[in-house]
There are 2 protein chains.
Amino acid sequence: MEAIDICADCGVRDRALCGSLSDAELATLNRLGRRRHVARDETIAWAGDDNIVCANLLSGVLKLSAAATDGREQTVGLLYPADFVGTPFAEQVDFTITALTDAELCVFPREPFERVLGDHAAMERLLLQRVLAALGEARGRMFSLARGSAGEKVAGFLLDMARRAATSGCRATPQGPLTFDLPLSRGETAAVLGLTIETASRQIRKLERDQIIALPGGRAVTILDMAALEARAQA
Amino acid sequence: MEAIDICADCGVRDRALCGSLSDAELATLNRLGRRRHVARDETIAWAGDDNIVCANLLSGVLKLSAAATDGREQTVGLLYPADFVGTPFAEQVDFTITALTDAELCVFPREPFERVLGDHAAMERLLLQRVLAALGEARGRMFSLARGSAGEKVAGFLLDMARRAATSGCRATPQGPLTFDLPLSRGETAAVLGLTIETASRQIRKLERDQIIALPGGRAVTILDMAALEARAQA
DNA sequence: CGGTCCGTTGACTCTAATCAACCTGGGTGG
DNA sequence: CCACCCAGGTTGATTAGAGTCAACGGACCG
């Protein structure tokens with residue numbers, strides 16, 4: 001952890017919540033925040049912990065997960081750069097937050113951050129809009145988890161990841177075959193989709209056999225037939 | 001639809017968002033709002049519609065649902081009296097809103113309501129807190145939908161409904177056997193839990209056979225063994 | 001009295017989970 | 001340099017649990 005000298009070097013300054021602040025206002029947050037690096041697989045907060053901090057995610061991918069006592073686990077959300085991390089106003093953390101890749105955070109102590117929120121209506125509104133969007137996304141995923149077949153879940157997941165990759169960091173033209181790296185292992189993918197590793201793997205290989213995607217190696221995925229993939233994703 | 005003469009006769013005044021407003025401020029909303037009665041099974045808004053209105057729910061139960069083109073449907077949220085209905089700042093309705101019982105709403109045109117929100121930080125904050133709570137609830141349900149067995153889903157659902165009934169309208173002491181009416185049919189229950197009608201029915205009857213609940217008739221449920229029910233709900 | 005809706009039950013099917021091997025690539029240590 | 005090891009991924013065989021299809025019963029309603 002280190003103090004934030006300056007937000008100027010922040011790669012997500014324009015997309016994160018802080019984008020709503022003037023330079024002067026930013027100074028307030030600046031004094032509050034600390035940069036923190038987290039390693040892959042490191043857990044930032046456990047469900048049930050006291051809710052101490054909020055953060056902006058600067059780089060990397062985080063997951064939110066719920067677990068039962070018997071070991072069953074479900075990923076209930078993924079967080080990407082510029083996303084807001086944490087739950088203001090809650091006394092306890094309700095979902096475990098874990099890094100899926102090395103990640104960098106801009107961390108704020110929760111209660112002081114809540115006070116800053118109160119003083120900056122524009123930022124509070126932006127947060128409200130993001131939480132509303134997250135709620136809509138969570139509800140949409142409820143449909144997929146409850147009613148989707150394994151094939152639909154996997155196809156929809158690859159589409160999501162492709163769309164996200166296309167908006168930054170894609171390796172090819174959006175027109176031709178699109179190649180990108182999944183940030184998740186098979187196991188992590190299965191945890192997101194409510195499947196087992198085996199089922200996730202089988203469905204992915206099936207898409208490959210059907211010439212809808214190619215798997216060039218590592219975690220790379222190439223989408224060969226976007227229309228067919230969309231057809232398999234249905235909802 | 002009729003103009004709201006006075007909020008004084010509002011049964012949820014203290015629990016709804018408006019609870020954050022002074023009498024004077026309430027007058028602003030008052031001019032904006034209209035009472036609306038909706039009948040059981042009536043749909044207030046369809047997914048994809050222009051997002052015209054928000055509301056407070058005064059009485060009754062609403063559901064939010066997502067549907068696929070092939071007819072599959074999933075209830076992604078339930079709304080109870082004093083809950084806020086709708087999604088500010090969204091251009092389109094993203095989940096169909098339908099009344100599960102006769103219901104009464106206090107309806108506001110969306111954009112004027114958003115302006116009122118901006119002028120009343122306390123109300124905006126209250127909304128933010130509610131949306132955060134709804135997000136947590138949605139994510140928790142994601143776990144249940146994706147990983148829960150039919151038995152766990154049904155047990156958890158009955159516990160939820162019992163808790164809700166206990167906080168108002170229960171028919172017995174919280175100590176002894178607790179009896180309440182489900183506001184939902186088997187089909188609606190199944191739609192919430194991501195099950196079929198038949199599976200929901202079988203699991204409910206199984207709880208009855210196992211002496212954990214009794215079914216006195218109609219939609220009434222009596223919880224005979226709360227501890228056993230909780231054990232079956234697991235997460 | 002007939003009809004319809006809701007809930008229940010039974011028989012059967014089918015999808016995805018489970019259990020068990022096995023492969024593969026990358027890293028390590030002899 | 002090569003043999004080994006190990007995690008992640010894949011594949012196959014089997015099973016369990018919920019879905020599907022079908023029929024039936026009772027309550028309510030006209």
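This structure is a prediction, so every number in the text was calculated from the model and none was measured.
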Under 4.0 angstrom between Arg186(B) side-chain N/O and dC6(C) OP1 or OP2: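 For Arg186(B), the contact criterion (side-chain N or O under 4.0 Å from OP1 or OP2 of dC6(C)) is not met.
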Thr196(A) vs dA17(C): side-chain N/O to OP1/OP2 distance below 4.0 Å: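 True: Thr196(A) side-chain N/O within range (under 4.0 Å) of dA17(C) OP1/OP2.
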Between dG10(C) (P) and Arg205(B) (CZ): distance, integer Å: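 Result: 10 Å.
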Distance in angstrom units between Glu198(A) CD and dA20(C) C1', rounded: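 That distance rounds to 10 Å.
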Sugar-phosphate, base or nothing in reach of Ile197(B), heavy atoms under 4.0 Å: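 Contact class for Ile197(B): base.
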Touch class at under 4.0 angstrom, heavy-atom based, for Arg219(A) against every strand present: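 The answer is sugar-phosphate, as Arg219(A) gets under 4.0 Å only of primed atoms, P, OP1 or OP2.
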Arg141(A) and Glu137(A) ion-paired at < 4.0 Å: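 Salt bridge between Arg141(A) and Glu137(A), a charged N being under 4.0 Å from a carboxylate O: yes.
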Pairing of Arg232(B) and Asp210(B) as salt bridge, 4.0 angstrom limit: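 Salt bridge flag = yes for Asp210(B) with Arg232(B).
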Given DNA chain C, 5'-ward residue of the pair Arg202(B) and Ser185(B), judged by closest heavy atom: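 Its nucleotide being nearer the 5' end, the pick is Ser185(B).
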Along DNA chain C (nearest heavy atom to each residue), the more 5'-positioned of Asp41(B) and Ala200(A):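 The residue whose closest nucleotide sits nearer the 5' end is Asp41(B).
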Validation row: Thr69(A), Gln234(B) side chains within 4.5 angstrom (heavy atoms):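 In short, these two side chains touch, coming nearer than 4.5 Å.
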From Ile213(A) atom CD1 to Thr222(A) atom OG1, the distance as rounded to the nearest 0.5 Å: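 Taking CD1 in Ile213(A) and OG1 in Thr222(A), the distance rounds to 8.5 Å.
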Side chain to side chain contact (heavy atoms under 4.5 Å, CB included) evaluation trace for Thr96(A) with Thr43(A): CA-CA 7 Å; Thr96(A) 299; Thr43(A) 289; 3.6 Å; yes
Covered region of DNA chain D, 5' end to 3' end, by chain A [heavy atoms, under 4.0 Å]: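 Contact boundaries, 5' end first: dG9(D) to dA13(D).
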Side chain to side chain contact (heavy atoms under 4.5 Å, CB included) between Leu158(A) and Val154(A), worked out: CA-CA 6 Å; Leu158(A) 290 177; Val154(A) 167; 4.2 Å; yes
From CA spacing to verdict: side chain to side chain contact (heavy atoms under 4.5 Å, CB included), Glu188(A), Leu100(A): CA-CA 8 Å; Glu188(A) 289 155 354; Leu100(A) 290 176; 3.6 Å; yes
Dot-bracket notation for DNA chain D, counting Watson-Crick and G-U pairs under 3.5 Å, with | for partners on another strand: ||||||||||||||||||||||||||||||
